[in-house]
Amino acid sequence: MDDLAAPGAGGNALDGVLQWLVSAPLWLQAPLVFAVMLPLCGAGAVLYLTVIDVCAARLTRWRRRRGRATPATRTPSGLPPRTPRSSTGFRIVIDTEPTDAAGKT
């Protein structure tokens, strides 16, 4: 650690800034930490989500090529295919009274 404090080692400038920051009051430390960490954490989160999206897309393409993935299918009613049916064999999609264009029944 003594090598960093030696003149010409390049550690004096960084050491001076860090010592100033440690000795600064809290009202000054907190905004400085937030000003540095929020953009860094935001960039890290964007990078993390991008990696997840790319991996998920590649995995989906790979599974489709192998015939394992089934795309989400919808029926004309907009419900998933395995929606329970009523006793008459019809799906109950909406249970309100029909209305006209003005909204009157």
Side-chain angles (χ1 to χ4, degrees):
M1 290 303 269
D2 292 336
D3 294 338
L4 291 177
N12 280 341
L14 179 62
D15 188 42
V17 171
L18 292 177
Q19 286 296 324
W20 173 81
L21 184 61
V22 168
S23 64
L26 185 61
W27 64 267
L28 185 61
Q29 287 180 7
L32 287 174
V33 168
F34 279 112
V36 171
M37 292 310 294
L38 283 177
L40 286 175
C41 290
V46 168
L47 178 66
Y48 180 66
L49 290 174
T50 303
V51 168
I52 289 174
D53 287 343
V54 168
C55 289
R58 289 185 180 176
L59 180 65
T60 302
R61 267 185 270 145
W62 177 76
R63 291 187 64 178
R64 283 191 182 150
R65 272 187 273 139
R66 295 179 56 91
R68 292 184 183 169
T70 56
T73 57
R74 294 284 179 174
T75 58
S77 66
L79 297 171
R82 292 193 179 108
T83 303
R85 295 176 184 263
S86 67
S87 60
T88 59
F90 294 103
R91 290 186 185 156
I92 300 172
V93 178
I94 228 171
D95 58 350
T96 59
E97 292 289 326
T99 58
D100 60 3
K104 297 178 185 176
T105 56

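The basis for the numbers below is simple: all heavy atoms, side chains too, and nothing from hydrogens, waters or symmetry mates.
W20 and W27 fall within the same hydrophobic cluster, where Ile, Leu, Val, Met, Phe, Trp and Tyr residues are linked whenever their side-chain heavy atoms come under 4.5 Å apart, directly or through other members. Put simply, L28 and L21 are part of the same group of oily side chains (I, L, V, M, F, W, Y) that touch within less than 4.5 Å, one to the next. Hydrophobic clustering (ILVMFWY, side-chain heavy atoms < 4.5 Å, transitive): V54 and W62 are in distinct clusters. Taken together through direct or relayed side-chain contacts under 4.5 Å among Ile, Leu, Val, Met, Phe, Trp and Tyr, V33 and V36 form part of one hydrophobic cluster. Residues L40 and V46 do not share a hydrophobic cluster, clusters being chains of Ile/Leu/Val/Met/Phe/Trp/Tyr side chains in contact below 4.5 Å.
Distance check: R65 CZ to T60 OG1 gives 11.0 Å after rounding to the nearest 0.5 Å. With values rounded to the nearest 0.5 angstrom, M37 atom CE is found 13.0 Å from L32 atom CG.
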